[in-house]
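I have placed the structure first, in the form of structure tokens, so that the comments after it can refer back to it.
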Amino acid sequence: MIKFRKTLFILILALAITSCRSEKIEENTSENNEIQMGKEATKKPVSADIRINTTTFASDIIVDNLENSSGDAYEIEHVTDLESIKEGNFDIAVVPALIAANLYNDTGGSVQLAAITLLNNLYALSDTEILSPKDLIGKTLLIPYLDEDYDKLIESKLAIAKNLLGISTLYYKDFEELESLSKENESSIAIVSQPNLFKLSSKRDYKLYDFSEILPLFSKQNDEGLGDFISEVIIVNKKFAQDKKEYLDQFLKEYKISVDNFKEKGKISADIINAYDIKSDEALDIYNRMDPVYIEGDTMVGMYKLFLDSLSRVKLDLYEGDKPAEDFYYKK
């Protein structure tokens with residue numbers, strides 16, 4: 001009996017020791033898994049609930065390419081007006097640079113600028129040569145529609161030029177409207193970006209101008225141009241940037257990689273080609289003619305401030321209120 005109790009005690013002790021070792025191994029394994037998962041989380045956070053709005057041809061291509069190459073899943077929606085963005089129904093959006101400052105003021109500072117993503121993609125197509133302000137007399141400006149508030153802002157900024165030069169304005173929502181308006185208004189200047197530039201210029205013989213060359217003609221200021229025109233930017237919902245900074249930084253990192261890599265190995269999906277009603281080779285050629293960039297941090301801040309100053313200099317700062325404060329600029 002004593003021998004049996006001694007054997008049982010040794011067995012229990014052995015089991016206890018074995019159990020302790022097992023727990024220690026599991027604990028170490030768990031710690032290692034947490035470390036590995038932590039590294040993986042830093043590298044690629046779960047992103048299925050990030051709402052991304054695209055508004056342009058270039059941003060559609062890059063975000064689509066980013067999603068396919070990164071393995072992340074985003075809620076991607078192409079929006080044709082600004083209402084959902086102004087209402088804060090987004091986390092990240094790629095928008096025309098002209099409207100970013102106005103969105104900041106419209107939303108009470110709840111929008112931040114995170115990166116510059118495209119330069120010089122804004123052009124003027126005219127059926128006659130435009131060399132001086134007198135060549136604008138009687139012209140009809142065909143302008144992309146953004147929303148009613150922004151259209152009213154454009155009207156107010158162009159009021160003097162319209163009165164002095166007899167300019168009229170019409171707004172188009174898509175290429176079909178643009179093409180129709182250009183046919184109905186012989187003496188017109190169409191303000192376009194790619195791919196509408198390609199699609200419209202292939203229909204008729206137009207004079208092509210970089211928008212930064214023609215913009216000073218609407219002002220009494222004598223200006224030789226605005227330099228590189230910032231066309232598109234990434235904006236973020238400030239609450240999202242504060243609450244999920246890690247997710248935002250990861251997205252921005254992947255967006256930059258996608259921009260850098262696309263020209264070498266990127267493909268344009270059938271969905272985008274069909275949405276813009278162009279051929280596959282045309283879509284790729286159009287994109288390759290564009291000037292995609294990825295500029296963030298202090299360089300972004302300096303460039304965008306200079307951009308706003310240039311618009312102010314020709315009296316066409318297309319935003320209401322003061323220039324955005326420093327909290328407008330997102331920095332990692």
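From a predicted model like this one, the values you see are computed outputs, not experimental measurements. Side-chain atoms are counted along with the backbone in the values below, which use heavy atoms only and exclude waters and symmetry mates. We're numbering straight along the sequence, starting at 1.
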Atom [atom1] of [X] and atom [atom2] of [Y]: how far apart are they, to the nearest 0.5 Å?
| X | Y | atom1 | atom2 | result |
| --- | --- | --- | --- | --- |
| Leu197 | Asn121 | CG | CG | 8.0 Å |
| Leu82 | Tyr145 | CG | OH | 8.5 Å |
| Lys139 | Ser126 | NZ | OG | 3.5 Å |
| Ile286 | Lys279 | CD1 | NZ | 11.5 Å |
| Leu252 | Tyr247 | CG | OH | 15.0 Å |
| Leu119 | Ser231 | CG | OG | 6.5 Å |

Lys207, NZ: over 12 other non-hydrogen atoms inside 6.0 angstrom: no
Is a side-chain donor or acceptor of [X] paired with a backbone partner of [Y] at a separation under 3.5 angstrom?
| X | Y | answer |
| --- | --- | --- |
| Asn274 | Ala270 | yes |
| Asp135 | Ser132 | yes |
| Thr56 | Ser59 | yes |
| Arg204 | Ser182 | yes |
| Asn196 | Phe175 | no |
| Glu177 | Lys173 | yes |
| Thr55 | Val79 | no |
| Asp291 | Asn120 | no |
| Asn89 | Ile85 | no |
| Asp147 | Asp149 | yes |

Nearest atoms (heavy-atom pairs only) where [X] meets [Y]:
| X | Y | value |
| --- | --- | --- |
| Ile167 | Leu136 | CG1-O, 3.6 Å |
| Ser258 | Leu66 | OG-N, 3.6 Å |
| Val236 | Ile92 | CG1-CG1, 4.2 Å |
| Tyr206 | Ser201 | CD1-CA, 4.2 Å |
| Ala58 | Glu232 | CB-OE1, 3.8 Å |
| Ala241 | Gln112 | CB-OE1, 3.7 Å |

Derivation and outcome, salt bridge (Lys or Arg N to Asp or Glu O under 4.0 Å), residues Lys239 and Asp91: CA-CA 8 Å; Lys239 188 175 186 310; Asp91 295 320; over 6 Å; no
Go through the side-chain N and O atoms of [X] and [Y] and say whether any donor and acceptor fall under 3.5 Å apart.
| X | Y | answer |
| --- | --- | --- |
| Ser168 | Thr140 | yes |
| Lys267 | Ser280 | no |
| Ser180 | Glu184 | yes |
| Glu148 | Tyr150 | no |
| Gln250 | Glu246 | no |

Partner residues of Glu155 under the side chain to side chain donor-acceptor pair (under 3.5 Å) criterion, sequence neighbours left out: Lys162, Thr169, Tyr171
Side chain to side chain donor-acceptor pair (under 3.5 Å) partners of Tyr276, counting only residues at least two apart: Asp60
Report whether [X] and [Y] are members of the same hydrophobic cluster (ILVMFWY, side-chain heavy atoms less than 4.5 Å apart, transitive linking).
| X | Y | value |
| --- | --- | --- |
| Leu142 | Tyr209 | no |
| Ile257 | Tyr74 | no |
| Tyr172 | Leu158 | no |
| Leu122 | Leu178 | no |
| Met290 | Ile273 | yes |

NZ or CZ of Lys244 within 45° of Phe240 ring axis and under 6.0 Å: no
Test log, rule side-chain contact (heavy atoms from CB on, under 4.5 Å), inputs Lys199 and Glu282: CA-CA 10 Å; Lys199 294 170 71 174; Glu282 290 174 343; over 6 Å; no
Evaluate the side-chain proximity of [Y] to [X]: yes if any heavy-atom separation is below 4.5 Å, no if none is.
| X | Y | value |
| --- | --- | --- |
| Tyr294 | Ile116 | no |
| Leu181 | Ser188 | no |
| Thr117 | Val259 | no |
| Asp327 | Lys238 | yes |
| Val233 | Val95 | yes |
| Leu118 | Phe229 | no |

Pair Glu179 + Lys203, salt bridge at N-O below 4.0 Å: yes
Worked verdict on Val94 versus Tyr255 for side-chain contact (heavy atoms from CB on, under 4.5 Å): CA-CA 11 Å; Val94 189; Tyr255 195 99; 4.1 Å; yes
Aromatic centroids of Tyr123 and Phe211 separated by under 6.0 Å: no
Full working for salt bridge (Lys or Arg N to Asp or Glu O under 4.0 Å) between Asp249 and Lys253: CA-CA 6 Å; Asp249 289 348; Lys253 177 182 176 182; over 6 Å; no
For a quick test of your reading: what N or O donor-acceptor pairs under 3.5 Å do the side chains of residues 299-307 make, sequence neighbours left out?
| unit_1 | atom_1 | unit_2 | atom_2 | d |
| --- | --- | --- | --- | --- |
| Tyr304 | OH | Ala97 | O | 2.8 |
| Tyr304 | OH | Ala101 | N | 3.4 |
| Lys305 | NZ | Glu326 | OE2 | 2.5 |

side-chain contact (heavy atoms from CB on, under 4.5 Å) between Ile235 and Phe90, intermediate numbers included: CA-CA 10 Å; Ile235 60 170; Phe90 80 104; 4.2 Å; yes
side-chain contact (heavy atoms from CB on, under 4.5 Å) assessment of Ile154 paired with Ile143: CA-CA 9 Å; Ile154 293 174; Ile143 302 172; 4.0 Å; yes
